[in-house]
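Counting starts at 1 for both ligands and their atoms, in listed order. Every value quoted in this text rests on a predicted model; they were computed, and no experiment measured them. Computation of the quantities below employed the complete heavy-atom set of this structure, encompassing side-chain atoms and omitting hydrogens, waters and symmetry-equivalent molecules.
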Amino acid sequence: MLIKKRTGIEIPSSEITPKSVYLSRRQFMRGAALSTAAVAAGGLLAACGASETEPTEAVSTNIATGSSAEESFIQEAMPGPVSTTTDELGDPLNSFEEITNYNNYYEFTTDKERVATLAKDFPTAPWQVEVGGLVNKPKTFGLEDLLAFEQEERIYRLRCVEAWSMVIPWVGFPLSKLLNEVEPTSAAKYVRFETIEDRENMPGLSRGLFPWPYVEGLRLDEAMNDLAILSTGLYGEPLLPQSGAPIRLVVPWKYGFKSIKSIVKIDLVDTMPQSLWMRAAPNEYGFFATVNPNVDHPRWSQATERRIGEFGRRETLMFNGYADQVAHLYDDPNYDTTQSS
Ligand code: MTE
């Protein structure tokens, strides 16, 4: 894991990581979408799986420019340009364009390549995250409160349950810092997260495909692990709506569906939260969902994955390569995508 804290360096990201790198490998996107659609073949509803339409050429999206006062404020909190071009395993970062044009955000659409367009005008400011439940000091955090936590760069691999992956230079802060501020009581055992349910601006909500709102959860000790972050940006820039702006969870040792976007509510609870995927397809998606190459999804192998932008497949790593940091959290490392206890 690579960590860089806010440095105040003023050099734009574009000078460190040339735009040609951000915008490269675009031609691979179509292939990525087609293979994803193949995985989801059969018309079954699947996490990260179904594609509504024939994939089209990836949409190019500009990095947020920070025109409003709120946007400039977020920009100010960012830790500066990315510090490296690879992760700690030597894997190259995915380009900004890949990361922001191939997204799963079902509140907008199940078509990965249309999320960026449909989410373009999604209002992400002002924003509040209400944190409560079994805590001594419930608090509603505004964006400025969230950005007051020291923002760090975290280069993580994201492994979707659908067997594709990316390397993403996130900006954010440990979830534990926010939880410590509200002081969970001794009765708190789990953390429950909820995404905004904005029917006016999220066209996918009205399709009634899923039991909205999107809900996810972690056991409290998982949530307190230093790898679990709340992300506010990527590539040294504030998050764009398709990536879960203004704030999302990132838990890199679990399948991507655990990394819930655009969070408005966090509750400390004493019983295991029922996530959206546990309710939608309990035989396929369980609570723990730790990345495990030895436990196949009921409908496909999890032994290998396709890194977006690459041909061929890579071997999937236990806990997505983060076993040293998280294996101790689990008695049985073979928790699979369907296991809930
Ligand atoms: N969060 C919400 N609210 N809605 C979603 O549809 N999709 C999940 C997760 N978080 C999703 C979500 C899935 S399936 C994945 S793989 C990741 O977001 C994808 O994150 P990315 O689009 O930034 O790559």
Carboxylate-amine/guanidinium contact [X] [Y], below 4.0 Å:
X: Glu216; Y: Lys258; value: yes
X: Arg313; Y: Glu305; value: no
X: Asp226; Y: Lys177; value: no

- Task: Decide whether Ser165 and Arg307 meet the rule of one side-chain donor and one side-chain acceptor closer than 3.5 Å.
- Result: yes
- Does a side chain donor of either Tyr102 or Gln242 reach within less than 3.5 Å of an acceptor in the other side chain? no
By number and element, which atoms of ligand 1 are closer than 4.0 Å to a non-hydrogen atom of [X]?
X: Asn103; value: 21 (P), 22 (O), 23 (O)
X: Ile260; value: 1 (N), 10 (N)
X: Cys160; value: 16 (S)
X: Arg248; value: 17 (C), 18 (O), 20 (O), 21 (P), 23 (O)
X: Thr195; value: 3 (N)
X: Leu158; value: 24 (O)
X: Ser259; value: 9 (C), 10 (N), 18 (O)

- Go through the steps to decide whether Glu88 and Arg157 satisfy the test salt bridge (charged side-chain N to carboxylate O under 4.0 Å, His left out), and finish with yes or no. CA-CA 10 Å; Glu88 81 284 7; Arg157 292 170 293 285; 3.2 Å; yes
- Item | For atom 4 (N) of ligand 1, the option (of Met166, Glu107, Lys261) bearing the nearest heavy atom | Glu107
- Item | Minimum non-hydrogen distance to atom 8 (C) of ligand 1, winning option of Trp277, Tyr214, Tyr106 | Tyr214
- Message: Suppose we call two aromatic rings close when their centres sit under 6.0 Å apart. Are Phe193 and Tyr214 close by that rule?
- Response: no
- Test of ring centre spacing under 6.0 Å for Phe257 and Tyr285: yes
- Query: Can you find an N or O of Gln242 that's nearer than 3.5 Å to an N or O of ligand 1?
  - Reply: no
- Can Ser262 be said to touch ligand 1, with heavy atoms closer than 4.0 Å? no
